[in-house]
Amino acid sequence: MTVRHFLTLTDLDNGEIKRLLKRAIELKTMQRNGVGYAPLKNKVLAMIFEKSSTRTRVSFETAMAHFGGQALFLSSRDTQLGRGETIEDSARVLSSMVDCIMVRTFEHEKIELFARHSSVPVINGLTDDAHPCQLLADMQTYFEHRGDIQGKTVTWIGDGNNMCQSYMQAAKLLDFKLKITCPEGYEPDQKFIDETSGHIELVADPKKACEQSDLIATDVWASMGQEEERELRIKDFKPYQVNASLMQMAKPDALFMHCLPAHRGEEVSAEVIDGKQSVAWDEAENRLHVQKALLEFLLVG
Ligand code: CP
Ligand code: NVA
């Protein structure tokens with residue numbers, strides 16, 4: 001039997017994503033109503049973190065606890081992986097003991113290599129290329145607030161980073177239009193542009209990019225691993241701050257999303273992220289519900 005991994009959104013098809021989002025909304029309602037559901041009794045999720053995390057760690061750990069299973073937090077600082085044990089050997093050994101493995105790392109190739117040597121499903125908890133779990137939560141949030149995203153217009157403002165690239169894949173899979181506006185030199189990888197070309201448009205002017213948009217999304221200007229570029233990036237990204245005047249270009253009922261952590265006064269103004277159009281807090285909470293749906297899909301079927 002081939003193992004199903006979730007390394008990028010394209011590991012799911014349109015029908016699977018839609019069913020997963022529907023299920024996430026059901027699981028959220030069940031939790032709100034105090035309905036206990038523990039389909040992962042005796043199952044263990046190992047979580048390897050080579051970068052910091054608040055939401056990803058807490059949402060996966062809580063999901064496993066609610067589901068009757070357990071999660072193991074493994075930091076590369078304290079495991080042999082951090083002392084040079086190979087990815088291949090680590091994947092083989094860990095997957096012989098646990099039921100699922102979540103990995104947050106740098107190069108995307110590392111998680112692909114890990115998955116090739118894992119006998120259990122591997123979930124991408126963020127790489128330099130992609131953040132597919134976050135996109136599931138963003139899409140759940142959109143569906144909850146506005147219904148189906150098919151045919152809608154979404155604007156990505158800022159860095160052409162892992163989040164942007166996952167938005168590009170979401171645009172293709174869920175059939176919405178994504179306008180991307182980044183400072184010159186910070187565009188997404190050509191590979192993602194080629195893959196999603198029918199659904200994306202690179203727009204130089206941030207104001208134009210926001211026109212008639214149903215959803216504005218942004219992220220930090222310097223991602224984890226880019227700390228040394230932070231000062232330069234703050235200068236280069238200045239015109240790309242999502243503030244009230246940019247939000248005014250979008251549709252009056254446009255939503256604002258940010259995967260968090262946010263830097264108020266940099267990529268987003270406080271009035272926007274703390275304002276009426278922001279659904280950043282639902283988006284964060286939905287990590288829990290949609291990852292429960294994902295774990296159920298991968299481990300129960
Ligand atoms: N959005 C997100 O992945 O947050 P963490 O880095 O806190 O996990
Ligand atoms: N682009 C950010 C997302 C953090 C959740 C990073 O990679 O650091």
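Below, each value reflects all heavy atoms present in this structure, side chains not excepted, and no hydrogens, waters or symmetry copies. Note that the structure is a prediction, hence the values are computed from the model and not measured.
- Within a 6.0 Å radius of CD in Q70, no more than 12 heavy atoms belonging to other residues, nucleotides or ligands are found.
- Residue A280 comes nearest to L260 through the heavy atom pair O-CD1, 4.0 Å, listed as atom of the first residue, atom of the second, then distance.
- Between M97 and V44 there is no side-chain heavy-atom pair separated by less than 4.5 Å.
- Side-chain atoms of H145 and D282 form a donor-acceptor pair, as typed in the model, at a separation below 3.5 Å.
- Salt bridge annotation for R230-E266: present, with a cationic side-chain nitrogen under 4.0 angstrom from a carboxylate oxygen.
- The shortest heavy-atom contact between D128 and E107 is OD2-N, 3.7 Å.
- D11 places a side-chain N or O within 3.5 Å of a backbone atom of T8 that can act as its donor or acceptor partner.
- We find the CG-SG distance between L299 and C100 to be 4.5 Å, quoted to the nearest 0.5 Å.
- Tracing side-chain contacts under 4.5 Å through hydrophobic residues (I, L, V, M, F, W, Y), one never reaches L295 starting from V122; they form parts of separate clusters.
- Distance alone, capped at 3.5 Å, places no donor-acceptor pair between the S278 side chain and the D274 backbone.
- Listed for the S96 side chain is a donor-acceptor partner under 3.5 Å among the backbone atoms of V93.
- A salt bridge is absent between R104 and E50; no separation between the charged side-chain nitrogens and carboxylate oxygens falls under 4.0 Å.
- A donor-acceptor pair is defined here as one N or O able to donate and one able to accept, closer than 3.5 Å; no such pair exists between the side chain of Q140 and the backbone of L21.
- Taking OH of Y167 as the reference point, atom CG of N162 lies at 12.5 Å (rounded to 0.5 Å).
- In this structure, E88 does not pair ionically with R116, as no charged nitrogen and carboxylate oxygen lie closer than 4.0 Å.
- Between T218 and Y240 the shortest side-chain heavy-atom distance does not fall below 4.5 Å.
- Looking at V272, V279, L246 one by one, the single match for side chain to side chain contact (heavy atoms under 4.5 Å, CB included) with F256 turns out to be V272.
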Please step through side chain to side chain contact (heavy atoms under 4.5 Å, CB included) for the pair L74 and D78, ending with a clear verdict. CA-CA 7 Å; L74 304 170; D78 315 311; over 6 Å; no
Could you go step by step and tell me if C133 and F60 meet the side chain to side chain contact (heavy atoms under 4.5 Å, CB included) rule? CA-CA 10 Å; C133 289; F60 272 113; 3.9 Å; yes
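- The neighbour count for E227 CD, taken as heavy atoms of other residues, nucleotides or ligands under 6.0 Å away, is above 12.
- Partners of S59 according to the side chain to side chain contact (heavy atoms under 4.5 Å, CB included) rule, which considers only residues two or more places apart in sequence or in another chain, are R287, L288, Q291.
- Cation-pi geometry between R19 and F143 is not met at under 6.0 angstrom from the ring centre and within 45 degrees of the axis.
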Verdict with reasoning, N243 to S245, per side-chain hydrogen bond (donor to acceptor under 3.5 Å, both in side chains): CA-CA 6 Å; N243 49 35; S245 77; 3.2 Å; yes
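- Looking at N286, its side chain never comes within 3.5 Å of a backbone N or O of H289 through a donor-acceptor pair.
- Although no hydrogens or angles enter the test, the distance criterion places a donor-acceptor pair under 3.5 Å between the side chain of S53 and the main chain of R57.
- Under the 4.5 Å side-chain contact rule for hydrophobic residues, M139 and L126 do not share a cluster.
- We find the CZ-CG distance between F176 and D148 to be 10.5 Å, quoted to the nearest 0.5 Å.
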For the pair K28 and E144, evaluate salt bridge (Lys or Arg N to Asp or Glu O under 4.0 Å) and give the outcome as yes or no after the intermediate values. CA-CA 11 Å; K28 184 172 178 175; E144 283 175 342; 3.1 Å; yes
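- Hydrophobic clustering places L174 together with M163 (ILVMFWY residues linked when any side-chain heavy atoms are closer than 4.5 Å, directly or through intermediates).
- V103 and F106 are not part of a single hydrophobic cluster, where members link through side-chain heavy atoms under 4.5 Å apart.
- Note on ring orientation: taking the six-membered ring where Trp is involved, the planes of F237 and W221 are parallel (angle under 30°, cut-offs 30° and 60°).
- Judged as a side-chain hydrogen bond (donor to acceptor under 3.5 Å, both in side chains), and not counting sequence neighbours, H117 has no contacts.
- In summary, the aromatic rings of F297 and F6 are positioned with their centroids too far apart to meet the 6.0 Å limit.
- Between D159 and V220 the shortest heavy-atom distance is CB-O, 4.2 Å.
- Counting heavy atoms from C-beta on, the side chains of K43 and V300 never come closer than 4.5 Å.
- Of the possible donor and acceptor atoms, none in the side chain of E211 sits under 3.5 Å from a partner among the backbone N and O of A250.
- Here the straight-line distance linking atom NE2 of H131 with atom SG of C259 works out to 5.5 Å at 0.5 Å rounding.
- The two atoms that bring S95 and S118 nearest to each other are CB-OG, 3.5 Å, heavy atoms only.
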Using the salt bridge (Lys or Arg N to Asp or Glu O under 4.0 Å) rule, take K172 and E195 through it: C-alpha gap first, then chi angles, then the decisive distance, then the call. CA-CA 9 Å; K172 186 171 175 188; E195 181 190 319; 5.7 Å; no
Begin from the C-alpha positions of L202 and W156 and carry the test side chain to side chain contact (heavy atoms under 4.5 Å, CB included) through to its verdict. CA-CA 10 Å; L202 293 169; W156 177 266; over 6 Å; no
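- A salt bridge does not link D253 to K276: none of the charged nitrogens lies less than 4.0 Å from a carboxylate oxygen.
- Atom CG of residue L135 and atom CG of residue L9 lie 5.0 Å apart, to the nearest 0.5 angstrom.
- Using modelled atom types, no side-chain atom of D189 and backbone atom of K191 make a donor-acceptor pair closer than 3.5 Å.
- Shown here for P239 and P206, the closest heavy-atom pair between the two residues is O-CG, 3.7 Å.
- Judged by distance alone, the side chain of T29 and the main-chain N or O of I25 form a donor-acceptor pair under 3.5 Å.
- In terms of heavy atoms, T62 sits closest to V58 at OG1-O, 2.6 Å.
- Of the inter-residue distances, the one linking I216 atom CD1 with L255 atom CG reads 10.0 Å to the nearest 0.5 angstrom.
- Counted within 6.0 Å of CD on E184, heavy atoms from surrounding residues, nucleotides or ligands total 12 or fewer; the atom is thus considered open.
- Residues E296 and R23 form a side-chain contact, since some pair of their non-hydrogen atoms from C-beta on lies under 4.5 Å apart.
- A side-chain donor-acceptor contact under 3.5 Å links Q134 and D138.
- Residues K152 and I149 meet the side-chain proximity criterion, which asks for heavy atoms closer than 4.5 Å.
- Side-chain contact, K292 with Q31: a donor N or O sits under 3.5 Å from an acceptor N or O.
- F73 and I123 fall within a single hydrophobic cluster, where Ile, Leu, Val, Met, Phe, Trp and Tyr side chains are chained together by heavy-atom contacts under 4.5 Å.
- Under 4.0 Å is where a charged nitrogen must lie from a carboxylate oxygen, and between R32 and E26 no such pair does.
- At a cut-off of 3.5 Å, with distance as the only test, a side-chain donor of E267 or H258 sits close to an acceptor on the other residue.
- A donor-acceptor pair under 3.5 Å is absent between the side-chain atoms of E229 and the main chain of Q226, judged by distance alone.
- Side-chain contact between L178 and T196: absent, with no pair of heavy atoms (C-beta onward) separated by less than 4.5 Å.
- In this structure the side chain of L45 never reaches within 4.5 angstrom of the side chain of L72, judged on heavy atoms.
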